[in-house]
Amino acid sequence: MLTATDFLHEIHSRGASRIRRVRFRKNRSTIWSLTQDGTVLNVHDAYRRASSALLDAFAILAIEGEVRSATSLSAAQQISSWPELAAEMQRLREAHDERKRDRAPGEDITHCCATPEQRAYLRAAYRYFNHTRFDGALPLDIPVRLSNRMRSALGHMMPAEKRDGTRYVVEIALNCDLMLAGNGAERADTLLHEMAHVADWLESGERGHGASWRAWARRAGCQPTRLYERPVRYRRNRRQSVVRVPPLPRSIQEL
Ligand SMILES: [Zn+2]
């Protein structure tokens with residue numbers, strides 16, 4: 001078994017001097033990639049057992065910076081057709097499916113960590129925005145959950161389809177850190193962002209950030225952009241649970 005340092009040493013000795021770092025990655029889809037301007041080689045964890053011939057192939061890719069010649073194409077093919085990789089990927093997929101099956105029904109993607117008070121808050125906010133920003137067009141019964149597993153993601157909307165093709169929404173989930181003090185504006189913006197996804201999915205069957213979603217976002221008054229790099233405060237200690245319930249504006253309470 002090669003460590004990252006061993007691997008780096010092996011490809012350096014084969015002339016791939018640009019690489020500064022090798023990172024082993026355990027995932028279900030990516031085999032290898034070059035990042036940070038071709039100086040970091042990310043390699044699937046299975047290649048800790050790479051043979052000398054496979055190390056030759058990785059060195060070629062690293063030297064060329066990507067697949068750009070017949071030599072690097074054949075190196076990439078040699079790497080991706082390695083039988084042990086397929087076996088490892090299969091194992092990872094099965095383990096993933098098993099974890100998915102183990103989840104309680106209704107907990108398809110996120111585990112809800114909201115307290116009853118937080119749930120009531122989210123429900124009120126959803127109803128208020130549905131009424132004031134979407135003309136009441138969204139279903140009333142879409143669960144809004146809190147997730148303490150999201151890291152940089154702030155929220156998601158889970159679209160689904162019945163057998164007859166009818167579209168529906170399983171849930172909206174928000175990062176529980178959004179409940180922290182100081183996140184009021186981003187909390188509202190994220191909820192509206194996801195509600196715009198609900199409207200767009202139900203109306204047009206779209207789930208991305210295309211023109212129809214942006215139209216809903218503008219109509220709802222949230223930023224018509226992805227939820228990246230927003231000024232959100234996060235917990236210092238991720239093991240601590242977030243139980244804060246933000247004060248509800250009077251206008252929402254009255255609805
Ligand atoms: Zn989005």
Side-chain angles (χ1 to χ4, degrees), residues 27-30 33 35 96 99-100 103 106-114 118-119 121-162 165-235 238 242 244 246 249 252:
N27 63 50
R28 284 167 288 128
S29 52
T30 311
S33 68
T35 52
H96 173 82
R99 278 198 300 277
K100 239 163 100 182
R103 285 188 195 127
E107 286 194 345
D108 283 342
I109 282 196
T110 50
H111 161 77
C112 184
C113 63
Q118 287 177 324
R119 221 166 282 151
Y121 169 92
L122 294 166
R123 176 120 236 103
Y126 176 90
R127 288 187 178 206
Y128 177 74
F129 285 146
N130 187 22
H131 187 73
T132 55
R133 310 280 183 102
F134 293 88
D135 287 334
L138 306 190
L140 272 181
D141 55 354
I142 294 177
V144 183
R145 299 169 179 277
L146 285 184
S147 163
N148 56 8
R149 295 184 187 169
M150 292 180 183
R151 285 180 174 270
S152 55
L154 294 180
H156 77 231
M157 179 279 303
M158 195 169 150
E161 246 169 310
K162 292 182 186 156
T166 317
R167 292 189 290 272
Y168 67 102
V169 170
V170 178
E171 66 172 25
I172 286 175
L174 303 182
N175 188 320
C176 66
D177 286 334
L178 285 168
M179 299 300 269
L180 295 174
N183 285 338
E186 295 306 324
R187 181 166 59 246
D189 200 82
T190 305
L191 180 55
L192 287 167
H193 178 111
E194 301 308 336
M195 290 174 76
H197 277 308
V198 170
D200 192 30
W201 169 247
L202 296 178
E203 187 103 333
S204 330
E206 299 288 340
R207 42 176 99 199
H209 301 92
S212 56
W213 177 80
R214 287 197 300 274
W216 279 109
R218 280 194 207 98
R219 188 175 146 183
C222 65
Q223 296 184 51
T225 56
R226 287 163 190 266
L227 293 166
Y228 284 149
E229 300 188 346
R230 300 288 178 94
V232 169
R233 296 182 186 184
Y234 295 95
R235 280 164 293 178
R238 285 187 56 86
V242 177
R244 179 174 183 267
I252 300 187

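Quantities reported herein were computed from a predicted structural model and do not represent experimental measurements. Read the numbers this way: they start at 1 and go in the same order the structure lists the ligands and their atoms. The chain is numbered in sequence order, starting from 1.
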- Query: With sequence neighbours excluded, what pairs up with Ala199 under the side chain to side chain contact (heavy atoms under 4.5 Å, CB included) test?
  - Reply: Phe134, Leu138, Trp216

- Hey, is the main chain of Met179 close enough, under 3.5 Å, to the side chain of Arg244 for a donor-acceptor pair? yes

- For the Zn ion (ligand 1), report each protein N, O or S atom nearer than 2.8 Å, sorted by chain and then by residue number. His193 NE2, His197 NE2, His209 NE2

- Message: Taking His209's backbone N and O only, do any of them form a donor-acceptor pair with Arg214's side chain (distance below 3.5 Å, no angle check)?
- Response: yes

- Message: Going by salt bridge (Lys or Arg N to Asp or Glu O under 4.0 Å), name the pairs with one or both residues in residues 190-209, residues two or more places apart or in two chains.
- Response: none

- Search all heavy atoms of Asp177 against all heavy atoms of Arg235 and return the closest pair with its distance. OD1-NE, 2.7 Å

- Message: Under the salt bridge (Lys or Arg N to Asp or Glu O under 4.0 Å) definition, can you give me all pairs with a residue in residues 179-193, not counting sequence neighbours?
- Response: Glu186-Arg230, Asp189-Arg230

